[in-house]
Every structure is written in C-alpha cells, then in structure tokens.
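Just so we're clear, the structure is a prediction, and the values are computed from it rather than from any experiment. A, B, ... follow the sequence lines: proteins, then strands. Residue 1 opens every chain.
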Number of protein chains: 2
Amino acid sequence: MILTRETDRAIGRQLTEQLAEVECRFAAELISDLPAVNGLVEHIEQYRGKMLRPMLVLVTAMATGRQEPSVTDAHRVVATVMEMVHMATLVHDDVLDEAEIRRQGVTVNSLSGNETAVMLGDYLISHAYHLCSSLDVSNDDVSRLSDDGSPIVVSRIVADATNTVCEGELLQLTNRNNWALDEGTYFEIIRRKTASLCGVCCRLAAILNDADEATVEAVDQFGQKLGVAFQIVDDLLDVVGDEETVGKTLGRDLQKGKLTLPMIHCLSQLGTDERDRFIGWLNVGLARSNGVDPIQVIRRRLLEGGSVDYARDWAMRLVEQAKESLNELPDSPARSTLLQMADAVINRKS
Amino acid sequence: MILTRETDRAIGRQLTEQLAEVECRFAAELISDLPAVNGLVEHIEQYRGKMLRPMLVLVTAMATGRQEPSVTDAHRVVATVMEMVHMATLVHDDVLDEAEIRRQGVTVNSLSGNETAVMLGDYLISHAYHLCSSLDVSNDDVSRLSDDGSPIVVSRIVADATNTVCEGELLQLTNRNNWALDEGTYFEIIRRKTASLCGVCCRLAAILNDADEATVEAVDQFGQKLGVAFQIVDDLLDVVGDEETVGKTLGRDLQKGKLTLPMIHCLSQLGTDERDRFIGWLNVGLARSNGVDPIQVIRRRLLEGGSVDYARDWAMRLVEQAKESLNELPDSPARSTLLQMADAVINRKS
C-alpha cells in the first residue's frame, strides 16, 4: 500500500522491518498450550490485510519522534495491539455479516461455526488488552483511582477507543433495514466504528514520543479523517468493486440491510416509483426474480446516477482534510509517507 | 446466597451496601450517549444473578484486610469489572448455546439477534477493561515493558484470566459432540472457563490489601476450587434441575453436544447396547421419537445409576478442599462468610 515509487527508501525498509516484528509479536502473543486454539489462530492469520493500523502507529511514530529511535518497543506493542483489536472486529463482523469469504479465505464462522468465531474474537480481544497492559503499572495511590483524565494509561486510551467502536457497531445494527438512514447517522456510525481506532493509532504513537498537545491533536485528526475516507471507499468497493480483487463476497452490505453512502445518496435521488422498487428489492435481500438481478440494476444506477462519484468525492475531500492536518508537523520523509498513505486510501482497489 | 441465619449481621449489612455500590458503578460505567445502546444494557441487567464474583472480591477483601477500611474503592472497581466480564461471557454463551431464556428473561440473541448479542458482549468486555485500567498508570520505564511478572498490573492479571477463560470456551467448543470426552478434559475445561475467574477475584482482593504471598495463594486456591464446584453444580442443574427454579432452558448442554460430569460418568457405566442407544439420541440432539423423550430417560438413568451422586460428591470434595485452603487465614466473621459461601455452592437450587 505505501511502498510506492516516491516512498523514501529508508522509510520503506524501516517500515518493512518494523511490520515484520509486529507480525512476529502478534503470533507469539497468541500461542496457547492448546493445539486446537493454535490451529484457529493460524487460520485467521491469513486474514491479514494491509496492516493499515500498525502502519499508522509506526509511521506516525517516525514522523513525531524527537530523539532516536523514534519507534520504540512501546510503539511496536501498540501496533500489535491495534492489529489484534482490528482482527477481532473482523472475526466478529463476519459473524454479524454471515460472511463466507474474507480476503480470499474461508471465514471462521462458516468453517467452524459462529460459536467458534465469537470465542476466537474474544480470545483476540483478551490478548490485545493483556499485551497492552504490559505498558502500564499499578496505581497504588488509591486517592487517584477515580480520577479519569490523568495519569495517562495506554490501556485506558485503547479501551476508550474500543468502547466507541462497539457503540458504532451497535448503532449500525439498530439501523439495519432502515431505508431512511440519513447521511448524518451514516457518518456517526463510521466515525465510531472505524475512524476512532485509526485516530487513536496516531494519537498513541505521538503520546509515546512525548509530542506536544498540538501534534497529538493533529495526528489524531489525520487518523480519524483517513479512517472515515477508508470506510467510505470500503463501502464503495462492496457495491462497485471487483469480487476477485476485493477478495470477499460483494453486495453484502445491502443484502444485510446496511445502507452506505452511495445507496443513501441514490435513494434520495430516486422518484417515488423507482425508490419503492429499490426498497422492495432491499426488503427481500436483493433476491433475483424472473430474470432480474437487483444487485446489477442497483450497481448500474449507482454508477450512472452519480452516487458512486458522490461518495468518492466525499472520500477525496476527507483525504485532503487529513493531509492538511499534517501541516502541523515538520516536513520529513515519514510525514511524506503519511501523506502518501492518505492518497493510497482513494486509489485502493481492494 | 450468603445472607444465611449464621451470617454475621455486620458482614451481611456491609456486603449488601458494597454490592449495591457495585451495581450502581456497573450501570454508570455502561451509560452511552446512544439511547439504543442504553436500552440493550438495561435489558441484560435483568440477567444479574447471585453476583458470586463481586462477592468473592468483597468478602475476600474483608477477610484479608490488615487495616480499615479493608474494602477499598479499588476492590469495588475489581468487583464491578469481574461482574462485567462475567455478564459478557453470559451474553456470548447464549449465542454459543442458542439459548432463548436466561434467568427468566429472554436472551439478547433471541430478542435482537446474534449480531446484537455479539456486539453487546464486546461492549461489556471493552468497558470492563476500560474501568479496570483506571487502577493502572503508564509505565515510562521502557526497559521494563517486556518484563512480565513485576510490576503488578491489575489489568494484566484480569486479562490473563480472561485469556484462560477464552481457552476454556474454545476447548469446550472443539469437544462438542465428542461422546468420548474424558473427565480430565472436562475438568480442564471448567478449570479454565470458570475457576480461573473465581480464583483471580480472590487473588486480586488479597493483592490489593498487600496480603503476603501465602494468603494470596490460599484465597486463589479457595476461589478456584469453589469455581470448579460451582460449575459442576451448574452442569448438574442443567440435567436434573427444576426449569422453573433454574430459570433457563434445561438439557441444553446435552442438546448442544456438551458432555458434563454426570453424563461422562453415566456413559462410562453403560453396556455397549445402552451406550449406543444414548449416543444415538445425543447425535440427534435428544429429539423425541415415537413417544420416547430421551432427556427424561437419560435424567432417570443419571439419578438411578448414581451419576448425579457421583458428580455431587465431586463438588462436595472440592468445596471441602476450598474451605481447607482458608486455614491459612486468621479466624474472622468474613472468613466464616467465605466458608458459608462455599457450602452454599452445594445447596443451591438455581
């Protein structure tokens, strides 16, 4: 994703090394004395995708470091924790979506049943917090226990983000089959379920480098805007992507009654009759009937009616805003890499 | 459960007050700005049962305190965290078991679907770690990050226990429909999925009172033995309990292919023919066929063949061992209450 021609060679090499360390840490932390558990963990390691979240932690660390090494062991721990949390949400999302394919691999739920997928997700979450807590020590001053803000506790910042992620997922679930879902709620859902975690990846990377408040806020904004754009593109790929390239069953969102930006825009543009026809299709999970494949009709409408462009424009605007927030940071090869990562969000095909 | 006639009045009063504080804390921590989320949380609060885990934390704190107050705010935090973790496992267990009734209430999965149940469980787990991390502060000494044992981090001890709980659940899942399940594996499953959390409730209570290592180990053993006994009785109630009193669908374990101690004992006692007949029933989820209700036949066999007594004897032996481990503690009203809690595990009807 980020190793483009422009990417500074040194950064690229450093990042590749650091990501390899994160992968090792990930695998090492999840080893169990139970062979059955190890088999399941090996299975989900094939889900590993772009490692966007670990990359956000590591590159932000490089861009905010004021002394060498700018990427500390604490950064690698946070990067691993974020990948575990993300992987857990993927495993649980697949239960939610009844998905059968994830990144060209069979999902845990369809392979070993929902029960195993639920527990495996829990196993990942538990290990994420376990690893994360290695960055913290016990607070013996009982009088400070109920005092939230200070002191900084990495586990607490991470758990705060996961609280928000769960709220986003629950908000999305309570809006299933809500064909009147508005843009505001859509953005609220993805801000919580996706952007919050990306924001905290960058925020923690800067905090662990003792960056000043302005820098911490700037990179947090970068992560959040990038996260929203990333989710919009993800949702676009689900309706107009290429199944081969994306590597998962397409049209799932609409089939499961999840309206995303292009469809929300599309429905708002339709006349009553066509709107009713579309909603009729959504109500029956886009099932084919007398030769008509609703998903194909809808796809064409999204493309020709400008809804795809509308969503893509939103993503591009957010990527521009993300990049602007980095004006706060001194110019550096790492900063340029962050800017390239933002652009890559728009151009990705999977 | 513990407010028996013999219970010291002062302890009883103190415990009731402390548990009420835990309930308030529980509700306060889970409040969201999203009404839909609050509705779901209110729903699961009806699942609240005996509050065994918070009680283990609080009474152990009373029994190990060397200065007043023996129960600190940290203890109440841990008690609340343990109840949240337990509640999360209940919500996810119901997805695993496809249960429809829990403590006389409709389960989240059957009410709002598996998706919501999975996410609500995640929401509870996330908030549990969020609250727990309020007991910890960040460790700035990077060189100590990878050092596990010291320093003591409450979040890490809790996450260590939840890692074990997930392993227990996964071990149980991989043994579904394994009619050759042996006692050793059964005990390994319940040691991990139930006993580990009970043990850590007592362990943390003592650690937070700066108790010496011998005391910490003693109460940990007490919690673990009590936990195993508690699970055995739980499993017994599923086959021979009274549906009304227990407040959940009975016979679920066998229907879902989960062998528990009485059935493991029963199968080992049967002759080939009867064994094959029983396994035939288990293979079809104990479905009624030409007038025969397998669950009733099996129930009678478990009672008359001595398998229920066999499992109950195991539970009683474990309760005795749990009580013996408390010899390490000085005599006190709180210690007597712990002893009574152990006895109550055997006598409970729900």
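- The parts of A:Ser32 that come within reach of chain B are both its backbone and its side chain, each placing non-hydrogen atoms under 4.5 angstrom from that chain.
- Looking at B:Leu131, only its backbone comes within 4.5 Å of chain A, counting heavy atoms on both sides.
- Put simply, of A:Cys166, A:Cys132, A:Ala36, A:Ala128, the one with the most heavy-atom pairs under 4.5 Å next to chain B is A:Cys166.
- Taking the side chain as every heavy atom from C-beta outward, B:His92 and B:Asp122 approach each other to under 4.5 Å.
- Inter-residue side-chain proximity for B:Leu120 and B:Ile44 is flagged as met; some heavy-atom pair is nearer than 4.5 Å.
- Residues meeting the side chain to side chain contact (heavy atoms under 4.5 Å, CB included) test with A:Ala206, sequence neighbours left out: A:Thr64, A:Ala211, A:Val216, A:Val219.
- For the options B:Val37, B:Leu208, B:Val158, B:Leu34, heavy-atom pairs under 4.5 Å to chain A are most numerous at B:Leu34.
- Interface check for chain B: of the options A:Thr162, A:Asn163, A:Leu170, A:Thr174, the most heavy-atom pairs under 4.5 Å are formed by A:Asn163.
- Using a cutoff of 4.0 Å between basic side-chain nitrogens and carboxylate oxygens, A:Glu167 and A:Lys193 are not scored as salt-bridged.
- Contact count against chain B (heavy-atom pairs under 4.5 Å) is highest for A:Ser126 among A:Ser126, A:Gly121, A:Ala88, A:Ala161.
- For A:Glu213, the CD atom counts as densely surrounded, since its 6.0 Å shell holds more than 12 non-hydrogen atoms of other residues, nucleotides or ligands.
- Between chain B and the options A:Asp160, A:Ile157, A:Val165, heavy-atom pairs under 4.5 Å are most frequent for A:Asp160.
- With a 4.5 Å cut-off on non-hydrogen atoms, B:Arg192 touches chain A through its side chain but not through its backbone.
- Aromatic ring pairs are classed by plane angle as parallel below 30°, tilted from 30° to 60° and perpendicular above 60°; the pair A:His127 and A:Tyr123 is tilted.
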